[in-house]
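Note on naming: letters A, B, ... go to the chains in the order of the sequence lines (proteins, then strands), and numbering restarts at 1 for each one.
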There are 4 protein chains.
Amino acid sequence: MTESGRSTAGRGRIDKRSAILEAAVKVFTREGYAQAGIDAIAAVAGVAKPTVYNHFGDKENLFRIVMRDGAERTSNRIIAALASLPDDGQDLEGELERVAHRVIECQLGDEGWGLQRLLYAEAARLPDLYDQVVARGSQPVLDVLCGRLAGLANRGHLDFDDPAVAATQFIALVSGNLPGLSALGTRPVARADLDAAVRTGVDAFLRAYGTQRRRRPRRG
Amino acid sequence: MTESGRSTAGRGRIDKRSAILEAAVKVFTREGYAQAGIDAIAAVAGVAKPTVYNHFGDKENLFRIVMRDGAERTSNRIIAALASLPDDGQDLEGELERVAHRVIECQLGDEGWGLQRLLYAEAARLPDLYDQVVARGSQPVLDVLCGRLAGLANRGHLDFDDPAVAATQFIALVSGNLPGLSALGTRPVARADLDAAVRTGVDAFLRAYGTQRRRRPRRG
Amino acid sequence: MTESGRSTAGRGRIDKRSAILEAAVKVFTREGYAQAGIDAIAAVAGVAKPTVYNHFGDKENLFRIVMRDGAERTSNRIIAALASLPDDGQDLEGELERVAHRVIECQLGDEGWGLQRLLYAEAARLPDLYDQVVARGSQPVLDVLCGRLAGLANRGHLDFDDPAVAATQFIALVSGNLPGLSALGTRPVARADLDAAVRTGVDAFLRAYGTQRRRRPRRG
Amino acid sequence: MTESGRSTAGRGRIDKRSAILEAAVKVFTREGYAQAGIDAIAAVAGVAKPTVYNHFGDKENLFRIVMRDGAERTSNRIIAALASLPDDGQDLEGELERVAHRVIECQLGDEGWGLQRLLYAEAARLPDLYDQVVARGSQPVLDVLCGRLAGLANRGHLDFDDPAVAATQFIALVSGNLPGLSALGTRPVARADLDAAVRTGVDAFLRAYGTQRRRRPRRG
DNA sequence: GATGAATGAGTTTTCATTCAT
DNA sequence: TATGAATGAAAACTCATTCAT
């Protein structure tokens with residue numbers, strides 16, 4: 001009680017600010033911006049309501065911080081996954097599939113979907129927030145992916161006109177039918193469906209832009 | 001009373017029910033489900049609040065009907081566009097681009113985006129609604145597209161393993177970076193960007209699955 | 001459709017006015033004045049809402065008529081029961097019990113309790129209605145009872161100073177703990193409890209005002 | 001902050017909770033449950049509407065607490081009055097009249113009548129509340145009265161079979177025509193009428209169960 | 001006279017936000 | 001800084017009542 005940490009009875013030391021942020025992510029993604037109550041967030045965080053206001057000013061600001069933090073966290077994880085994509089074209093198909101898996105897992109984990117739904121929900125009302133989230137979330141990911149693909153193209157393992165377009169298309173092909181499969185993240189996706197999505201996406205990508213004979217022949 | 005139903009001078013009798021629906025689409029998509037007030041919807045529709053309740057029971061039901069109707073309207077328009085895709089493979093690239101344009105225009109017109117954002121926003125809270133919207137919206141579109149692509153494949157104009165996968169990928173490639181371009185529908189897309197999206201999407205699709213030499217050569 | 005009776009499909013001929021009154025009694029007593037909706041009354045009566053207004057003007061007036069009619073009906077029945085009380089003092093105790101039973105049954109039948117609760121509920125808001133109900137309901141009953149008791153006293157079968165007081169006390173003694181027994185009419189009363197109430201009430205009345213030795217001696 | 005709790009100059013801090021309860025009694029009894037608005041209660045209490053909800057949850061709960069508190073308060077006062085009834089039978093008639101007066105005053109003071117009307121009005125809708133009110137209100141009163149009367153009987157000052165019945169009948173005789181006299185509490189009762197009611201009630205009670213020669217002779 | 005549809009006024013309840021400590 | 005209590009503003013929903021036919 002004297003110093004900094006009354007420790008909220010039991011949990012670690014994560015101070016109140018991050019407890020609130022954590023709670024806010026949970027409640028916002030579970031209920032949506034408008035339906036989420038500061039009451040509920042404070043309760044989940046184990047603090048009093050005014051404490052939320054002391055730390056974050058108002059609901060919208062708390063929301064913005066939640067969204068920006070989330071975008072950053074997610075994109076950092078994805079970028080880390082992309083970093084492991086080798087340049088040398090060895091087992092390109094397998095490597096792309098591996099990377100695609102990790103991208104999908106990150107972007108579309110439980111929190112990821114929640115944030116995505118929130119972004120859609122509030123994009124019209126908070127256009128600047130949308131920009132910030134893109135700038136910290138998908139844009140860096142695309143940039144890095146673009147770089148990796150360009151590298152592979154430079155070494156002759158891929159062949160396309162514009163690496164930025166290719167990067168976008170890679171993401172589109174690989175995650176394009178995940179919304180449908182997971183009902184926008186509200187239902188678990190069967191492992192097999194996930195694998196198939198990745199496989200068919202990478203397959204199409206390599207058909208379009210690969211320079212080597214495909215591992216699996218087209219017909220029979 | 002004489003002609004189409006306007007009467008009693010001031011009040012206007014056209015069709016309150018559809019006036020309300022129209023207003024609801026506008027307000028819901030502009031504000032989001034929770035922020036949209038029945039007050040506002042009634043005002044936009046030019047009716048009294050209880051009239052909304054007389055016709056639709058409650059807010060959630062009104063929302064469901066808005067979403068289902070919207071999904072149906074949109075998918076019907078897209079299907080009509082797909083119907084015009086010829087089977088004979090004549091100028092396949094041009095035809096695919098033409099169709100892609102119409103698909104994009106329909107699906108992502110002003111109302112389309114709004115409904116899509118609403119769907120994302122409320123999918124977690126109303127999972128059955130999500131199912132209905134998919135069943136009346138994207139699923140029929142994919143089915144029809146699948147059929148057309150299969151026809152083209154049968155005649156040798158395309159070559160893929162699974163027409164359903166190809167259909168999904170066609171949509172993904174062609175509309176995959178529209179969310180980014182239009183900021184989830186909150187900003188107008190430059191004609192040129194739209195064209196480029198369609199062109200690069202169709203290009204990639206044909207590189208992957210086309211059977212004829214591509215019109216535009218890969219490099220220079 | 002031409003003449004007077006479209007007969008409301010099936011039921012007898014009781015025309016709409018009394019159908020509405022009947023329904024109103026049911027709904028008012030079941031729900032209370034404020035909670036009772038004209039909608040519900042109209043539905044129970046099988047008519048359209050404006051029909052209720054055509055017949056009765058407004059809710060309060062309908063309520064007044066329901067209450068007055070009910071008071072009159074009830075008091076008429078009770079008075080009929082009292083008329084059968086013989087003057088000659090033969091088996092006075094038995095006769096008083098018989099009459100008490102009939103009084104209680106009438107006054108506190110299902111509808112009776114409902115109207116009583118309504119009267120209590122709205123007495124403060126509609127004092128004139130209270131007066132009318134008393135004038136048509138309990139007052140005539142007391143008057144008649146007073147007359148019968150005075151007759152018995154004249155013939156030496158009872159002995160009191162003021163027959164009006166005695167009449168009031170007879171009712172009080174006989175029905176005084178019915179509210180408790182029936183939870184103000186919301187719960188069925190066991191036959192035995194009813195009998196006991198009547199017996200002990202008449203017994204006390206005769207102890208106070210009887211002129212003959214009591215049938216059942218005081219002690220053992 | 002120094003003394004009883006008033007502070008911060010303007011707002012008044014005395015005790016919002018009891019201010020609300022007091023206001024609720026007033027408004028509920030004046031208007032009835034359904035017609036009473038939380039608005040009005042808050043206004044009378046001098047607090048904001050949500051404060052009412054913070055303290056009591058919802059309207060029905062507030063109502064229940066009002067009723068239970070009222071029943072308890074009233075019965076406590078009556079029981080205190082009964083406690084002063086001496087056991088020794090000295091001036092029994094006068095003592096019974098004195099007690100009867102105090103019972104009537106308590107039970108049927110302004111608030112008492114209001115609560116009684118509310119109880120009648122809502123008994124059908126809230127049967128458990130009825131039970132609680134009886135359990136805290138009339139039942140304890142009857143129990144205590146029963147004990148006092150039994151004591152008097154044991155000492156030979158009264159003579160009846162069942163003290164519980166006698167207690168009920170005492171109340172019935174003494175307050176039986178108060179509803180009529182006061183128009184269910186909506187009109188002031190003349191002192192003389194009150195006295196007469198008590199006198200005739202006690203007189204009848206002693207005629208039925210007294211063991212001494214009555215003070216006032218029966219006839220002339 | 002009877003009705004389907006419409007409405008103005010009002011209700012309970014919730015919520016983001018702020019005092020006072 | 002943290003909080004218990006209070007509040008202004010608004011939202012969903014209901015209802016008695018009335019048009020227009």
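- A straight line from NZ of C/Lys59 to P of F/dT18 spans 14 Å, rounded to a whole angstrom.
- If you find the closest nucleotide of DNA chain F to C/Ala36 and to B/Glu60, the one lying nearer the 5' end belongs to B/Glu60.
- Between A/His55 and the phosphate of F/dT1, there is no side-chain N or O to OP1/OP2 separation shorter than 4.0 Å.
- Along DNA chain F, the nucleotide nearest to B/Ile38 and the one nearest to A/Ala48 differ in position, and the one closer to the 5' end is contacted by A/Ala48.
- The nucleotide whose nearest atom lies closest to any side-chain atom of A/Tyr53 is, among E/dT17, E/dT12, E/dA6, E/dT17.
- The separation between A/Phe56 atom CZ and E/dT17 atom P is 14 Å, rounded to whole Å.
- B/Phe28 and B/Phe63 have perpendicular rings, their planes meeting at more than 60° on a 0 to 90° scale where under 30° would count as parallel.
- The base-pairing partner of F/dT21, taking Watson-Crick or G-U wobble contacts with both distances under 3.5 Å, is E/dA2.
- Two residues are said to be in side-chain contact when any heavy atoms from C-beta on lie closer than 4.5 Å; B/Leu129 and B/Arg68 meet this criterion.
- In this structure, A/Asn61 atom CG and E/dT17 atom P are separated by 10 Å, rounded to whole Å.
- Side-chain proximity of D/Asp58 to E/dT13, F/dC13, E/dA6: nearest is E/dT13.
- Closest to the side chain of D/Val47, from the set E/dT7, E/dT18, F/dT7, is F/dT7.
- Pair assignment for F/dA10 gives E/dT13, based on Watson-Crick or G-U wobble hydrogen-bonding distances that are each under 3.5 Å.
- Here F/dC13 presents its P atom at 11 Å from CG of B/Leu62, a figure rounded to the nearest Å.
- In this entry the distance linking CD of C/Glu31 with P of F/dA16 reads 11 Å, nearest Å.
- Taking the side chain of D/Asp39 as heavy atoms from C-beta on, and the options F/dC19, F/dT7, E/dT11, the nearest nucleotide is E/dT11.
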Run the salt bridge (Lys or Arg N to Asp or Glu O under 4.0 Å) check on A/Glu31 and B/Arg125 step by step: do they pass?
CA-CA 8 Å; A/Glu31 319 259 352; B/Arg125 258 200 26 227; over 6 Å; no

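- Toward the 5′ end of DNA chain E lies the nearest nucleotide of A/Gln35, the other residue of the pair A/Gln35 and A/Gly57 mapping further downstream.
- In this structure, A/Asn54 atom CG and E/dT18 atom P are separated by 11 Å, rounded to whole Å.
- Cation-pi geometry between D/Lys59 and D/Tyr53 is not met: the NZ or CZ atom fails to fall both under 6.0 Å from the ring centre and inside 45° of the normal.
- Of all nucleotides listed (E/dT12, F/dG8, F/dA2), F/dA2 comes nearest to the side chain of A/Lys16.
- D/Arg117 contributes a side-chain N or O that, together with a main-chain N or O of D/Leu184, makes up a donor-acceptor pair within less than 3.5 Å.
- Within the structure, every side-chain polar atom (N or O) of C/Lys49 is placed at least 4.0 Å from both OP1 and OP2 of E/dT7.
- Of the candidates F/dA6, F/dA12, E/dT3, the closest approach to any side-chain atom of D/Thr51 belongs to F/dA6.
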